[in-house]
Every structure is written in structure tokens, then in C-alpha cells.
Amino acid sequence: MDPANDISDDSSRFSGLSLSKSRIVVKTIFKEAGIESADIDARILLNHASGYTHLMLVTQGEDLLSSEAAARLNIYCQRRVQGEPVDKILGYKEFYNRRFRVSQDVLSPRPETEGLVDAALEFLRDVKSPYVLDLGTGSGAILISVLCEQEHATGIGIDLSQKAIDIASQNAETHAVTERVKFLRGSWFEPLKANYEDAPKFDLILSNPPYITDIAMTELPVDVMNYDPSLALRGGADGLEAYRTIIKSASHYLKRNCVLIFEIGYDQGNAVSDLLLSSGYYDVTVSQDLSNHDRYVLGRLA
Ligand code: GLN
């Protein structure tokens with residue numbers, strides 16, 4: 001067995017240790033396991049296990065870890081060494097300055113997806129009481145962030161997974177937007193057909209759909225492959241299946257001159273733009289994330 005995976009069940013490796021010392025032990029274990037973010041991961045998991053804040057770790061580092069905290073830290077340590085990302089261990093992820101509950105049933109919101117929220121808010125600045133649709137809402141982080149930032153906005157989030165809908169609903173409650181949001185279960189626009197006689201028209205449709213190609217799916221890093229749901233990642237042979245399906249129906253649900261904004265894979269800008277241009281959208285623009293990769297495509301319905 002690879003020594004990195006030789007995990008002792010014995011939480012006594014942390015018992016009797018001070019917080020500072022345990023931090024060093026965890027960091028060393030993570031480094032030996034090849035985890036690049038060893039230092040910060042060790043600190044965050046130690047905070048979570050001990051209940052000490054970052055500042056307390058600095059000022060009270062000589063305090064001893066309680067046996068309960070040592071047991072918790074041992075489990076977090078094992079999970080991290082096996083490849084589980086820190087946010088799934090914590091059960092939450094920070095996104096757009098708020099904390100969202102996550103689990104293995106939802107894609108953990110990525111920092112680059114904050115740009116999708118920025119693009120949405122930019123468009124909504126001039127819309128009075130915007131009605132927003134988020135397709136494949138997952139944890140609800142995108143839609144809930146938009147609603148929190150735009151207090152007159154209301155919206156619907158749709159997801160195929162009931163477990164995702166449950167998590168999104170909890171996140172809506174945490175961020176006090178339950179009155180302004182509805183989550184529906186189903187495939188893309190389907191629940192709208194089923195729930196409304198006249199199709200509602202939105203001011204904005206947002207989606208970070210699955211966009212990973214079948215080939216790229218086989219090469220995903222372990223923390224994505226084993227801990228994010230493939231439903232949220234798998235975009236079919238060329239990664240574009242979801243875009244095609246969404247664009248085929250979106251015009252029935254979007255007000256004229258209003259906007260559809262997608263997150264895309266870094267090499268999908270041209271393909272998704274072409275799909276929009278050939279389906280009656282204008283002002284089609286591709287924009288970049290903070291790493292300067294093409295990441296968002298916006299189109300306006302003619
Ligand atoms: N950006 C995600 C990743 O890196 C993929 C998200 C998606 O398919 N929508 O895995």
C-alpha cells in the first residue's frame with residue numbers, strides 16, 4: 001500500500017498534542033500525501049475539528065486538542081488523504097461572500113462561477129423586478145447569490161436531482177430568500193411546462209450546465225471525479241449537449257431582448273456562440289474568467 005494511504009484508525013496520533021503541534025502533524029501528513037494546499041487545508045480542518053478560529057489558533061496555539069477534537073481531526077485527515085476536497089468534508093463552500101451547504105450530490109460552486117453572478121447582476125441593474133431562471137441549479141449558489149444581491153428579484157431554480165433541490169432549499173432558507181425563490185425538480189424547462197399553463201417569461205436565464213466531454217470525464221482529478229456528481233459535469237461526446245437542449249427551448253421562456261448567460265468550458269466559446277447566433281440571439285459575447293479563460297457566453301433574444 002502507498003504509505004500516503006496507510007491510514008491509521010488511531011486518533012491517538014493527535015491526543016495530548018497542542019493545536020500548533022497538531023497543525024504541523026496534519027500538514028506533514030498532507031504534504032507526504034502530495035496535497036499541494038497542505039498548509040491551508042490543515043489549518044481549515046483543524047479549525048473545524050477544534051472549534052477554534054484562525055485567530056485563536058495563533059493566540060492560543062498551546063492549548064491542548066480535546067479527545068473529541070482529536071477524533072474528529074483524525075477522520076477529516078483520513079478523508080482528505082483519500083482525495084475528498086476540503087469543502088465536502090466541511091459540508092459548505094464560500095461563494096460570492098456567502099456560505100453554501102454542499103454535499104456529494106451537488107457540484108461545489110467554483111470561484112470562476114462568481115463571474116456568472118457578476119454578469120447577471122450587470123444585466124439586472126436596469127431591470128425593475130427581474131424574474132430569473134437558473135437551469136441545473138445544484139446547490140442554488142448562483143440563483144441565491146443573485147437574489148441576495150438584487151432584493152427585488154425573484155426566481156426559479158430547476159434541477160434533475162431531488163437531493164440537489166433539498167440542498168438548494170436549505171441554502172435559500174439560510175440566506176433568507178425562500179419567499180422569492182422556487183425550486184422545481186425536472187429536466188431543464190420540463191417542470192415549467194408541467195407546473196404552469198402559460199409558460200412564464202423570464203428577464204434572465206442563467207445556467208452552468210454540465211460541459212465536460214466524455215474524454216475529459218475520464219481524466220478528471222480525483223477530487224472532482226469522486227466527489228462532485230457526474231450529472232453536473234457530463235456534457236456528452238463534445239460537451240455541448242446541455243447547451244443544445246437549453247437553446248432549443250429557451251426562446252419560449254425568455255422575454256424579447258432579454259438575456260441568456262451560460263458558463264462554458266474554456267474552449268467552448270465559439271461553439272456556444274454559434275448555437276446562440278443560429279437560434280435568434282444577438283449581441284452574443286464571450287467573456288473571460290480571472291485566469292483569462294473564456295468562461296461565459298451571453299446572448300440577447302431577438
Ligand atoms: N468547472 C467545473 C470543473 O472544473 C465543471 C462545471 C460544469 O461542467 N458545469 O469541473
Side-chain angles (χ1 to χ4, degrees), residues 35-37 83-89 92-96 100 102-120 132-146 157-161 163-165 167-168 171 183 187-189 204-247 250 260-273 275-276 286-299:
I35 297 168
E36 272 176 35
S37 48
E84 186 165 351
V86 169
D87 57 86
K88 301 291 196 204
I89 299 174
Y92 64 80
K93 173 108 188 218
E94 303 288 334
F95 179 79
Y96 221 87
F100 288 90
V102 295
S103 75
Q104 293 189 25
D105 297 307
V106 294
L107 185 83
S108 295
R110 312 288 204 252
E112 60 269 27
T113 303
E114 295 186 338
L116 189 65
V117 175
D118 287 334
V132 183
L133 175 64
D134 178 22
L135 294 170
T137 198
S139 67
I142 297 167
L143 180 59
I144 293 168
S145 300
V146 169
I158 294 177
D159 205 285
L160 195 54
S161 151
K163 287 180 175 164
I165 297 288
I167 288 181
N171 282 324
F183 290 108
S187 175
W188 308 124
F189 296 99
L204 172 65
I205 299 179
L206 291 171
S207 185
N208 173 17
Y211 57 66
I212 311 283
T213 63
D214 286 345
I215 289 177
M217 281 300 293
T218 62
E219 293 157 1
L220 286 176
V222 173
D223 59 342
V224 177
M225 171 121 64
N226 291 351
Y227 299 96
D228 279 319
S230 70
L231 181 65
L233 298 165
R234 194 176 283 285
D238 64 357
L240 300 169
E241 261 173 24
Y243 300 105
R244 283 193 201 93
T245 311
I246 293 172
I247 292 171
L260 172 61
I261 316 176
F262 285 123
E263 179 173 319
I264 54 161
Y266 71 96
D267 55 356
Q268 294 170 329
N270 287 339
V272 176
S273 297
L275 288 172
L276 285 168
V286 178
S287 52
Q288 291 72 38
D289 62 20
L290 293 174
S291 316
N292 219 22
H293 291 126
D294 285 355
R295 188 61 65 200
Y296 322 100
V297 179
L298 175 152

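Just follow the structure's listing: the first ligand is 1, and inside any ligand the first atom is 1. In this chain, numbering begins with 1 at the start of the sequence shown.
The closest approach between a heavy atom of A232 and any atom of ligand 1 is below 4.0 Å.
If you number the atoms of ligand 1 from 1 as listed, the ones under 4.0 Å from a heavy atom of L233 come out as 5 (C), 8 (O), 10 (O). Near N208, the atoms of ligand 1 lying under 4.0 angstrom from a non-hydrogen atom of the residue are 7 (C), 9 (N).
The two residues G157 and L143 have their closest heavy-atom pair at N-CD2, 3.6 Å. Residues Q104 and N226 come closest through the heavy atom pair OE1-O, 3.8 Å.
Taking the six-membered ring where tryptophan is involved, the planes of Y211 and Y243 are essentially parallel, since the angle between them stays under 30° and well short of 60°.
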Go through D214 and R234 one step at a time and tell me if the side chain to side chain contact (heavy atoms under 4.5 Å, CB included) criterion holds.
-> CA-CA 7 Å; D214 286 345; R234 194 176 283 285; 3.9 Å; yes
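The shortest N/O to N/O separation between P209 and ligand 1 falls below 3.5 Å.
Each of L133, L260, V146, L135 was compared with L206 under the side-chain contact (heavy atoms from CB on, under 4.5 Å) criterion, and only V146 meets it.
Taking atom 8 (O) of ligand 1 as the reference point, the nearest protein heavy-atom neighbour is Y211 N, 3.0 Å. The protein atom (non-hydrogen) at minimum distance from atom 4 (O) of ligand 1 is R110 NE, 3.8 Å.
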